[in-house]
Structures are given as structure tokens and as C-alpha cells.
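The next block holds one structure in the form of C-alpha cells; read it before the comments.
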There are 2 protein chains.
Amino acid sequence: MADPEPNFGLLLFIPYRHLEESVLAAARGAGYEMSISQARVFQRIDAEGSRLSELAEAAQVPKQTVGSIVDQLELAGYVRRVPDPDDARARLVAVADRGRAAIESAAPVLAEVVETWREHLGDADFADLRRILARLVEITDLDRSKVR
Amino acid sequence: MADPEPNFGLLLFIPYRHLEESVLAAARGAGYEMSISQARVFQRIDAEGSRLSELAEAAQVPKQTVGSIVDQLELAGYVRRVPDPDDARARLVAVADRGRAAIESAAPVLAEVVETWREHLGDADFADLRRILARLVEITDLDRSKVR
DNA sequence: GAAGATAGTCCGAATTTCGGACGTCTGCAA
DNA sequence: TTGCAGACGTCCGAAATTCGGACTATCTTC
């Protein structure tokens, strides 16, 4: 850490945290309680379902930890564990109905925050930001298979 | 959370995490052990020292938690608590020698990672990214007084 | 079909987080 | 000046989180 002036780390983290907090607050306001750790795992779940170990690797957290978090998410009804058709050892963590409802409840706030960003930055910079970040993720994502 | 395709949250978080992990690994390799929570507080400490409550607000974490983390950082010799000349109730958390040494030990890796980014993105996009993020922080930083 | 790797889980201990309640000190108001 | 609301940080203790070790089931390979 450290890099006096414009600390690149914080430059990325501050907006992230802002967005995360807004979205989480919206979900909570709508009755969908969820902790930060839960949210960080939840947001990585693929539309077709993700394996526990994929989530663990992507989030850089041990399998046991993700397992425990998924337990909580499952208990709360946000996700479901379904057998993986390709591998009997594995199970896919999939977003359940209540999880989708939670996402939908927060969607307007998410859109609103992002819209605020677009207004503040202007269309050009906003589009650039998105594009450049997408390129940056190409080389910083540990679990590239998912993003590409 | 959620926003199918290019999830803005992850777009910001993935590179952040990558940088954080690289820097932390470098520090550890040089003998400066530090947990993620510790690092997240540590990186917010101002050059002139920061108050506990400032750190707490900036990092969006209760004072007690930051207090406990600062205890650890202090015990490890990374920071020092000094009286705040302006307010006898407060104390300033300042980076200590060993903390500066830790920063220096990781600096080359930090520079290297950022340089990798610059090479991958190209000078123009790299500069744009930095500039745009700096503008974004203007409206997403909860503790604006610090950054501006 | 035996050996080795991989998916996920169970167990339990260490660590971390943080609400509540306090003691101290400041700064404003009367 | 004195009084007092409010801000600064700390102590205490309970709850939650994290995650190493060890294990079973299953897949892969030779």
C-alpha cells in the first residue's frame, strides 16, 4: 500500500465500496438482509451456477470459508445447491428465486448510482472508464475463464 | 450486486484485489506480515497522521474495530499513536519507521504491477483511467476532506 | 483397477468484528 | 465562568467469521 499522491488502490476501492454499500443498503431496505462477505460471494455466482471451488478461487478465499458463506446464503434462500450434471463430486451454487428478487430490489439503486457516475463524468469518460476497466480485468482477474 | 454483463462493481474490485494481493505478498516476502484488514486501515493513514475516527469513517468500519486493528499495527511496530496537538481527546495514528520500511519493501512490486497495467493498456488509456478514477472518487469518497 | 488428483464437507480453534457503556476533554451557550 | 451536549477513544464481552486439518466420494490417468 502506499503510493502517496493518487493511490491507485484507493482510486479503485473507494468507488467500489461506495457502490457496494449503496446496493447493499437498498437490498436491506427491501428486506433482503445480506452481509458484505455474503454479497461478495453472491455477486460472483454465474447465471448457470458456479462451483464452490470456482467461487473460492475467484474471490481468493478458502473453500471452507466459501462453503460456510454459501450455507448462510442457502439458509436465507438466496441460493440453491444443485448437482453438477458433469461431475458427481461437485454441486453448482445457483441463484434461487429469493436471490433473484433481492437482485431486482436493488437494481434501481444500482442503476441510479451508475447513472450518477455517468452524469458526473460525462458520457465519453464514462464509456472510457468502463472500456478501460474491462481491459484491465483481462490481466488482473485470477479466474479469467469466467470473465472472458 | 448483479448487473449481468460488465458488472461495474467487479470491474473495479478485481484489479483492486489483484494489486492489494501483490503488494501484500511482497511485504510478507520481505518479512512484513500484515493482514488484509490491517492493510486496508494502514493504507488510509495520512502522512501527517490520522485520527482513529477519521480512519473509521473513511473505511466504513466501527471505531472499535479500527481501534483493535490499530492495536495490532502498533504492536507490530507499523504505526505509533501520538497525542493530537489540536485536541487533547484525540490521538493521531502515524506511520512508524517499521511501517515506512514495509511500504518501501513493497514499493517495487507496486510499481511493477502498475507498470504492467500501463503496458497492457497503453499510455493513453492508462492516463485516462487514472484521471477518470480520480474524478469518480470526488463523488464516491465518503471522507472527501481527505482526498481533496 | 490401482494410484493420485480434485470436489466438497465436517470439526474445532483462533481471530475478527462490533454493540454497549464509559471516562475524558472540547467548545458553545448562557 | 460555568455547565453541558457532544465528540474522541477505550474496555468488555458476545457473536460471527475465517480457515487449517482431516476425510469421503468421485474422477482421471496410466
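Keep in mind the model is a prediction, meaning the values are calculated, not measured.
Test B/Leu10, B/Leu12, B/Leu11 against B/Ile14 for side-chain contact (heavy atoms from CB on, under 4.5 Å) and you get one pass: B/Leu10. Across A/Arg51, A/Arg89, A/Arg91, a single residue satisfies side-chain hydrogen bond (donor to acceptor under 3.5 Å, both in side chains) together with A/Asp84, and that is A/Arg51.
In terms of polar N and O atoms assigned as donor or acceptor, the side chain of B/Arg89 never comes within less than 3.5 Å of the base of C/dT24 in a complementary pairing.
For the pair B/Arg28 and B/Glu21, the salt-bridge criterion is met [side-chain N within less than 4.0 Å of a carboxylate O]. Using a 4.0 Å cut-off between a side-chain N of Lys or Arg and a carboxylate O of Asp or Glu, B/Arg40 and B/Glu20 qualify as a salt bridge.
A distance of 10.5 Å separates CD1 of A/Ile45 from CG of A/Leu92, quoted to the nearest 0.5 Å. B/Ile132 contributes atom CD1, which lies 8.5 Å from atom CG of A/Leu133 (distance to the nearest 0.5 angstrom).
Taking for each of A/Ala88 and A/Gln38 the nucleotide of DNA chain D with the nearest heavy atom, the 5'-most of the two is the partner of A/Gln38.
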Which pairs would a plain distance check flag for residues 96-103 of chain A, meaning a side-chain donor or acceptor within less than 3.5 Å of a matching protein atom at least two apart in sequence or in another chain?
from: A/Arg98; atom 1: NE; to: A/Ala76; atom 2: O; distance (Å): 2.9
from: A/Arg98; atom 1: NH2; to: A/Tyr78; atom 2: OH; distance (Å): 3.4
from: A/Arg100; atom 1: NH2; to: A/Val95; atom 2: O; distance (Å): 3.2

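Of the residues in residues 61-76 of chain B, those placing a heavy atom less than 4.0 Å from an atom of DNA chain D are B/Lys63, B/Gln64, in numerical order. Residues of residues 78-87 of chain A having a heavy atom closer than 4.0 Å to DNA chain D, listed by number: A/Asp87.
Scored by the ring pair (Phe, Tyr, Trp, His ring centres under 6.0 Å) test, B/Tyr32 finds no partners at all (sequence neighbours excluded).
An OP1 or OP2 oxygen of C/dT17 is reached within less than 4.0 angstrom by a side-chain nitrogen or oxygen of B/Ser37.
Rounded to whole angstrom, the span from the CG atom of B/Leu52 across to the C1' atom of C/dT24 amounts to 15 Å.
At least one donor-acceptor pair under 3.5 Å links the side chain of B/Ser22 to the backbone N or O of B/His18.
Between chain B and DNA chain D, the heavy-atom contact criterion of under 4.0 Å yields a 5' to 3' nucleotide range of D/dG6 to D/dC11.
Applying the side chain to side chain donor-acceptor pair (under 3.5 Å) definition to pairs two or more places apart or across chains, those involving residues 117-129 of chain B are A/Arg131-B/Asp125, A/Arg135-B/Asp125, A/Glu138-B/His120, B/Glu115-B/Arg118, B/Arg118-B/Asp123, B/Asp128-B/Arg131.
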